[in-house]
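Notes follow once the structure below has been shown.
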Amino acid sequence: MSNHSYPLLQTINDPSDLRKVPRSQLPALADQLRAYLLDTVSKTGGHLSSNLGTVELTVALHYVFNTPSDRLVWDVGHQTYPHKILTGRRDRMDTLRQLGGLSGFPQRAESEFDTFGTAHSSTSISAALGMAVAAKIQGNDRHSVAIIGDGALTAGMAFEALNNAGIADCRLLVILNDNDMSISPPVGALNRYLAQLMSGHFYAAAKSVGKTVLKGAPPLFELAKRIEEQAKGLVVPATLFEKFGFNYIGPIDGHDLESLIPTLENIRHLKGPQFLHVVTKKGQGYKLAEADPVAYHGPGKFDPAIGLQKPAVAPKTTFTQVFGQWLCDMAAADVRLVGITPAMREGSGMVEFEKRFPERYFDVGIAEQHAVTFAAGLATEGLKPVVAIYSTFLQRAYDQMIHDVALQNLPVVFALDRAGLVGADGATHAGAYDIPFVRCIPNMSVACPSDENECRQLLSTAFAQNHPVTVRYPRGAGAGVPVSPGLECAPFGKGEIRRQGSRIAILAFGTLLHAALAAAESLGATVVNMRWVKPLDVALVLEIAGTHQALVTVEEGALMGGAGSAVSEALQGAGVVMPLLQLGLADIFIEHGDPGHLLSLQGLDAKGIEASVRGRFGSLLV
C-alpha cells in the first residue's frame with residue numbers, strides 16, 4: 001500500500017495531530033481515511049459498511065474532544081476502524097482480526113483511546129454514564145461520549161441507562177448514529193441551522209431564563225413548554241429523549257463536517273446530559289456498499305474495483321444453512337412453529353423462512369431478553385417457538401431462560417449458532433460457555449450434533465420434545481456429510497459408538513468427533529459420538545467405562561462445568577473410579593484468529609488430541 005496515496009492521513013499518528021489540521025482540510029482527510037479504510041479492509045476482511053458510515057463522525061469527535069482524556073465509548077464497536085486508524089494503529093490495519101493483530105472491536109488492552117471494550121450491543125450509555133459520574137466524583141471536568149446506533153437502541157439496557165442518565169448531573173453526551181433513516185425526517189439546511197441553534201449558548205440561556213420567569217405562572221410555563229415541544233416536533237422526532245431528561249439536538253447530517261464540528265463544539269460547553277441525533281449512511285462513499293450494506297457488513301477479502309463475487313466453486317453447506325432449511329421444512333409440516341430472532345435474520349439463516357412464512361417470523365430487534373420471554377408466552381398458548389440465537393448472545397437472556405422458560409417447562413427450541421470458537425470476531429463472540437450455563441438448569445436439554453445431517457436430525461428431535469431444548473452448532477461448514485431432506489429424529493438422549501478400539505475410549509461431544517476419529521486411528525482407541533450433554537447417555541458411558549481402562553472427553557466449549565464434567569459426575573454417581581482426561585477450551589478468553597489455528601493452539605485438533613492422550617495414558621498404549 002503506497003503512503004503517497006494518503007499524504008494527509010499519513011501525518012496523523014494520534015488525535016493531537018488531527019487537531020492541528022486546518023478545518024478546511026478535514027474533508028480531504030475524511031476522503032483519504034475512507035479510501036484507506038476500503039483499501040485495508042478489502043485485503044483483510046472485516047466490518048465494512050458500518051465503518052464507512054462513521055468516517056466524518058469519527059474525525060469530528062477526535063477533532064473537537066480532547067481524547068483520550070475525554071472518553072469515547074463506541075457501541076457494539078464494529079464501526080471503530082476509522083477510530084483505530086486515527087489513534088495510532090493505522091500501520092497495523094493489515095493485521096486486523098488476525099492472531100496477534102488488531103481486534104475488530106475496541107479493547108482497553110489495545111489502546112488508551114479504547115476506553116471501554118465493546119462488541120455486544122447497547123452497553124455504551126451505561127458505561128459512559130459510569131465514566132461521567134466517576135469524573136464528577138473525582139472533580140474532573142472531562143466529557144464522556146457514548147456513540148450508539150439506532151439498531152442498538154432497540155435493547156432495553158439502552159433505555160435503562162437513558163432513564164438513569166437523565167437524572168445525573170454530569171458531562172454526558174449520547175450520540176445516536178441513525179444509519180437506517182427509520183426514525184428520521186429529511187436532513188437539510190434548516191435542520192443544520194436548528195441543531196446549531198439548539199446547541200448554542202443563546203438557546204440554552206433563553207430556555208433557562210424562560211423557565212425561571214414562567215415558573216411563577218404555572219399555566220404560562222406549561223403553555224411555553226408545549227409550544228417548544230410542538231415547534232421542535234416539526235423538524236425532529238418526538239421528544240422522547242427530552243422526557244428522559246436529556247437536551248435533544250438534531251437530527252444533523254453525520255457526513256457534513258461543517259455541521260458536525262460546530263454542533264459538537266457548542267455541546268462541549270453545555271451542562272447536564274445531552275443527546276445528539278446524527279444521520280449517517282452505511283457504506284457511505286463506496287457505491288456497492290451503499291447499494292447493499294448487508295452484503296458488505298462483514299465481507300471477506302475482495303477487490304474494491306470489482307466488489308463481492310460469487311466463488312467459482314460452490315462453498316460447503318454451513319450449519320446455519322442447514323438450520324435455515326430445516327426451519328422452513330418443519331414450518332411447512334407443523335403450523336405451530338414460529339421463528340424468533342433478536343436482529344440476526346441473515347446471520348442465523350432465516351431469510352428464506354421470513355419470505356415463506358412472514359406471519360410466523362418475528363425479528364424482535366436487539367432484545368435477547370424479550371426474545372426469550374416472548375417465546376415463552378407463545379409456548380403457553382400451544383405454539384412451538386424456535387429461537388435462533390448466537391451462543392454468545394444467549395448469555396444476555398439467562399434469567400429469562402431460567403425463570404420464564406425452564407421453570408415453567410415450556411417447549412422452546414434454542415438453535416444456538418456460533419457455538420465454540422468463532423475465529424476473527426474473537427473472545428466477545430466465542431460460544432464457549434453455553435454447555436456449562438445451560439446444562440445446570442432443570443428441565444433443559446443440550447444437544448451437540450457432530451455433522452450437518454445430525455444437526456438437522458437433532459433439531460427435529462428437539463422440536464418433538466415437550467420441554468426446552470438447546471441444539472448447539474458451530475459457525476461455518478462441517479465435515480461435508482450429505483444432509484437428508486426428511487424430518488427424521490435422532491434418538492433422544494442417546495449416543496453411538498463410531499469406532500471400536502481398546503483400552504482407551506474418547507467420548508466426543510459435537511463436531512470435534514471427526515478430530516477424535518482421526519486421532520483414534522493411531523491410538524487404537526474407541527470413539528463415541530455422545531450427541532447429548534443433557535440428558536447424558538449414562539448407560540453408554542458406564543458400558544464403555546466397564547470395557548476400557550481410561551476415558552477421554554472432547555468438547556469445543558469451556559472445560560469448567562462442561563460435558564467432561566458431566567461425564568465425571570456420572571462416573572462418581574455410579575461409584576466408578578477410573579482415569580479421566582477432559583479436553584476442551586481452557587479457562588482463558590481466546591482471542592481472534594483463524595479458527596483452525598486457534599483449535600490447534602488449544603490442543604483440539606487431531607494432533608493435539610493424540611498428543612494429550614499419549615502424554616497422559618502413554619503406558620496404556622504400549
Revision key, fill the gap. With sequence neighbours left out, the residues meeting salt bridge (charged side-chain N to carboxylate O under 4.0 Å, His left out) with Glu112 are none
Review point. Hey, what do you get for NE2 (His592) to CG (Leu102), rounding to the nearest 0.5 Å?
Key: 7.0 Å
Check your understanding: So Asn177 and Thr280, side-chain hydrogen bond (donor to acceptor under 3.5 Å, both in side chains) or not? Walk me through it.
Key -> CA-CA 7 Å; Asn177 177 25; Thr280 61; 2.5 Å; yes
Check your understanding: Quick check: does any side chain N or O of Glu242 sit under 3.5 Å from a backbone N or O of Tyr248, one acting as donor and the other as acceptor?
Key -> yes
**Study point:** Sequence-distant partners of Thr58, side-chain contact (heavy atoms from CB on, under 4.5 Å), two or more places apart
**Key:** Thr54, His62, Trp74, Pro82, His83, Leu86
Point to revise | Test item: Thr95 side-chain N/O and Gly101 main-chain N/O as donor-acceptor pair under 3.5 Å | key: no
Practice item. Measure from the side-chain N and O atoms of Arg34 to the backbone N and O of Gln284, and report whether any donor-acceptor pair falls under 3.5 Å. Key: yes
**Study point:** Leu52 side chain reached by Tyr296 side chain, heavy atoms, under 4.5 Å
**Key:** no
Exercise for review: Using atom types as modelled and distance alone, determine if a side-chain donor or acceptor of His120 lies under 3.5 Å from a backbone N or O of Thr428.
Suggested key: yes
Revision key, fill the gap. In short, Ser348 meets Thr341 closest at the heavy-atom pair OG-OG1, 4.5 Å
Review point. If we only count heavy atoms from C-beta on, is the Phe105 to His47 side-chain gap below 4.5 Å?
Key: yes
Practice item. Indicate yes or no for a side-chain donor-acceptor contact from Tyr398 to the backbone of Phe437 under 3.5 Å, with no hydrogens or angles considered. Key: yes
**Study point:** Heavy-atom pair with the smallest gap, counting every atom of Phe589 and Ala427
**Key:** CB-CB, 3.9 Å
Revision key, fill the gap. One should read off an interatomic distance between Ser42 OG and Leu37 CG, to the nearest 0.5 angstrom, of 9.5 Å
Check your understanding: So, Arg472 and Asp434, do they make that salt bridge, N to O below 4.0 Å?
Key -> yes
**Study point:** Sole residue of Leu394, Ile340, Asp417 in side chain to side chain contact (heavy atoms under 4.5 Å, CB included) with Ile389
**Key:** Leu394
Exercise for review: Indicate yes or no for a side-chain donor-acceptor contact from Tyr63 to the backbone of Val21 under 3.5 Å, with no hydrogens or angles considered.
Suggested key: yes
Practice item. Please confirm whether the backbone N or O of Arg71 pairs with a side-chain atom of Ser144, one donor and one acceptor, at under 3.5 Å? Key: no
Check your understanding: Checking side-chain hydrogen bond (donor to acceptor under 3.5 Å, both in side chains) for the pair Ser259/Asp253: CA distance, chi angles, key distance, verdict?
Key -> CA-CA 7 Å; Ser259 178; Asp253 186 346; over 6 Å; no
Check your understanding: Are Arg23 and Glu258 ion-paired here, with the side-chain N under 4.0 Å from a carboxylate O?
Key -> no
Review point. Is there side-chain contact between Leu29 and Leu18, with at least one heavy-atom pair below 4.5 Å?
Key: yes
Check your understanding: With a 4.5 Å limit on heavy-atom distance, are the side chains of His78 and His297 in contact?
Key -> yes
Practice item. For side-chain contact (heavy atoms from CB on, under 4.5 Å), just list the numbers for Met350 and Phe323, CA-CA rounded to whole Å, side-chain angles, deciding distance to a tenth of an Å, and then say yes or no. Key: CA-CA 8 Å; Met350 299 182 73; Phe323 165 74; 4.1 Å; yes
Practice item. Under the side-chain contact (heavy atoms from CB on, under 4.5 Å) rule, what do Thr470 and Met444 come out as? Steps first, then yes or no, please. Key: CA-CA 8 Å; Thr470 67; Met444 294 292 303; 3.5 Å; yes
Review point. Excluding sequence neighbours, so at least two apart, what forms ring pair (Phe, Tyr, Trp, His ring centres under 6.0 Å) with Phe414?
Key: none
Point to revise | Side-chain touch Thr40/Asp94, heavy atoms, less than 4.5 angstrom | key: no
Point to revise | Main-chain N/O of Gly365 paired with Asp363 side-chain donor or acceptor, under 3.5 Å | key: yes
Exercise for review: Just do the side-chain contact (heavy atoms from CB on, under 4.5 Å) check on Leu240 and Phe159 with the steps written out, would you?
Suggested key: CA-CA 11 Å; Leu240 168 66; Phe159 285 92; 4.0 Å; yes
Point to revise | Heavy-atom closest contact (Ile366 atom, Ser122 atom, distance) | key: CG2-OG, 4.3 Å
Review point. Out of curiosity, Asn247 CG to Leu276 CG, how far, rounded to the nearest 0.5 Å?
Key: 10.0 Å
Indicate every side-chain donor-acceptor pair of residues 164-176 with a distance under 3.5 Å to a residue at least two apart or in another chain.
residue: Arg171; atom: NE; partner: Asp141; partner atom: OD1; Å: 2.8
residue: Arg171; atom: NH1; partner: Arg268; partner atom: O; Å: 3.1

Review point. Are Phe113 and Pro15 side-chain neighbours, meaning at least one heavy-atom pair lies under 4.5 Å?
Key: yes
Review point. Between the side chain of Thr118 and the main-chain N/O of Asp75, is any donor-acceptor distance below 3.5 Å?
Key: no
Exercise for review: With the side chain counted from C-beta on, respond yes when Arg396 and Ser121 share a heavy-atom pair under 4.5 Å apart, and no when they do not.
Suggested key: yes
Exercise for review: Mind checking side chain to side chain donor-acceptor pair (under 3.5 Å) for Asn51 and listing every partner two or more places apart, or none if nothing turns up?
Suggested key: none
Exercise for review: With rounding to the nearest 0.5 Å, note down the distance linking CD in Glu591 to CG in Leu421.
Suggested key: 11.5 Å
Check your understanding: Quick check: does any side chain N or O of Glu290 sit under 3.5 Å from a backbone N or O of Gly285, one acting as donor and the other as acceptor?
Key -> yes
Review point. For Gln32, which residues count as a side chain to side chain donor-acceptor pair (under 3.5 Å) partner, sequence neighbours excluded?
Key: none
Point to revise | Val76 versus Ala152, closest heavy-atom pair with distance | key: CG2-CB, 4.5 Å
Study note, to complete from the structure: Heavy-atom closest pair (Ala161 atom, Ser126 atom, distance to 0.1 Å) is CB-OG, 3.3 Å
Practice item. For the pair Tyr81 and Leu96, evaluate side-chain contact (heavy atoms from CB on, under 4.5 Å) and give the outcome as yes or no after the intermediate values. Key: CA-CA 9 Å; Tyr81 296 0; Leu96 185 71; 3.6 Å; yes
Point to revise | Interatomic spacing from CG in Asn266 to CD1 in Ile261 - rounded to 0.5 Å | key: 12.0 Å
**Study point:** Shortest non-hydrogen contact between Ala146 and Ala128, atoms and distance
**Key:** CB-CB, 3.8 Å
Practice item. For salt bridge (Lys or Arg N to Asp or Glu O under 4.0 Å), just list the numbers for Arg475 and Asp425, CA-CA rounded to whole Å, side-chain angles, deciding distance to a tenth of an Å, and then say yes or no. Key: CA-CA 11 Å; Arg475 182 178 191 172; Asp425 283 337; 3.4 Å; yes
**Study point:** Interatomic spacing from NZ in Lys282 to CD in Gln79 - rounded to 0.5 Å
**Key:** 9.5 Å
Exercise for review: Report yes if the side chains of Phe246 and Gln274 come closer than 4.5 Å at any heavy-atom pair, otherwise no.
Suggested key: no
